[in-house]
Amino acid sequence: MTEAEPNPYRHLIALAAGIVALIVFLTFTSGVIGYLVSIVVAGAAVFVGHNAVRHRGRMLLAAILGLVLSYFVLITSVGLLVVRLTRLAG
């Protein structure tokens, strides 16, 4: 069996996913639905980032930066969703 050739752009894709998660967070967060959309996009970006960080390459720092951006958006979105839901409940 032959192994598949590694994707040389996976690190840049992880960086782009982190930037997309940040853009979605800054533009679409207007309520509970917006926070949920942001959480889903950031979760996907975290998945892509972890997949990219597992592989070595010249652009590994870009993948790490994308992963940090994704986690920032994910944690912030979850926190804001919790605050919004507690305000709605009380």
- prompt: I13, L65: one ILVMFWY side-chain cluster at the under-4.5 Å cut-off?
  reply: no
query: Would a hydrophobic clustering, with Ile, Leu, Val, Met, Phe, Trp and Tyr connected at side-chain separations under 4.5 Å, put V20 with V40?
result: no
- prompt: Under 4.5 Å between side-chain heavy atoms, hopping through other hydrophobics if needed: is there a path connecting L85 to I39?
  reply: yes
field: Approximate separation, where rounding is to 0.5 Å, of L81 CG and T76 OG1
entry: 12.5 Å
- prompt: Quick one: side chain to side chain donor-acceptor pair (under 3.5 Å) partners of S70, sequence neighbours excluded?
  reply: none
query: Are I23 and V46 connected, step by step, through hydrophobic side chains (Ile, Leu, Val, Met, Phe, Trp, Tyr) whose heavy atoms are closer than 4.5 Å?
result: yes
task: For L36, look at atom CG and say whether over 12 heavy atoms of other residues, nucleotides or ligands are found less than 6.0 Å away.
output: yes
- prompt: S38 side chain to G34 main-chain N or O, any donor-acceptor pair under 3.5 Å?
  reply: no
query: Nearest heavy-atom pair of A52 and A14: which atoms, and what distance?
result: CB-CB, 3.7 Å
message: Measuring from atom NE2 of H55 to atom NE2 of H11, what distance do you get when rounded to the nearest 0.5 angstrom?
response: 7.5 Å
task: Report the C-alpha separation of V73 and L69 in whole Å, then their side-chain angles, then the decisive distance to 0.1 Å, and conclude whether the side chain to side chain contact (heavy atoms under 4.5 Å, CB included) test is met.
output: CA-CA 6 Å; V73 171; L69 281 173; 5.6 Å; no
Nearest heavy atoms of V53 and L60, plus distance in Å: O-CD1, 3.9 Å
- prompt: Should L74 and V32 be regarded as members of a common hydrophobic cluster, given that ILVMFWY residues are connected when their side-chain heavy atoms come within less than 4.5 Å of each other, either directly or indirectly?
  reply: yes
field: Spacing of R84 atom CZ and S30 atom OG [to the nearest 0.5 Å]
entry: 8.0 Å
- request: Report the distance from atom CZ of R10 to atom CG of L12, rounding to the nearest 0.5 Å.
  value: 11.5 Å
task: Ignoring hydrogens and angles, tell me if any N or O in the side chain of T86 forms a donor-acceptor pair with the backbone of V83 under 3.5 Å.
output: yes
task: Say whether, by atom type as modelled, one donor and one acceptor occur between the side chain of H50 and the main chain of L67 under 3.5 angstrom.
output: no
query: So do L80 and F25 actually touch side chain to side chain, heavy atoms under 4.5 Å?
result: yes
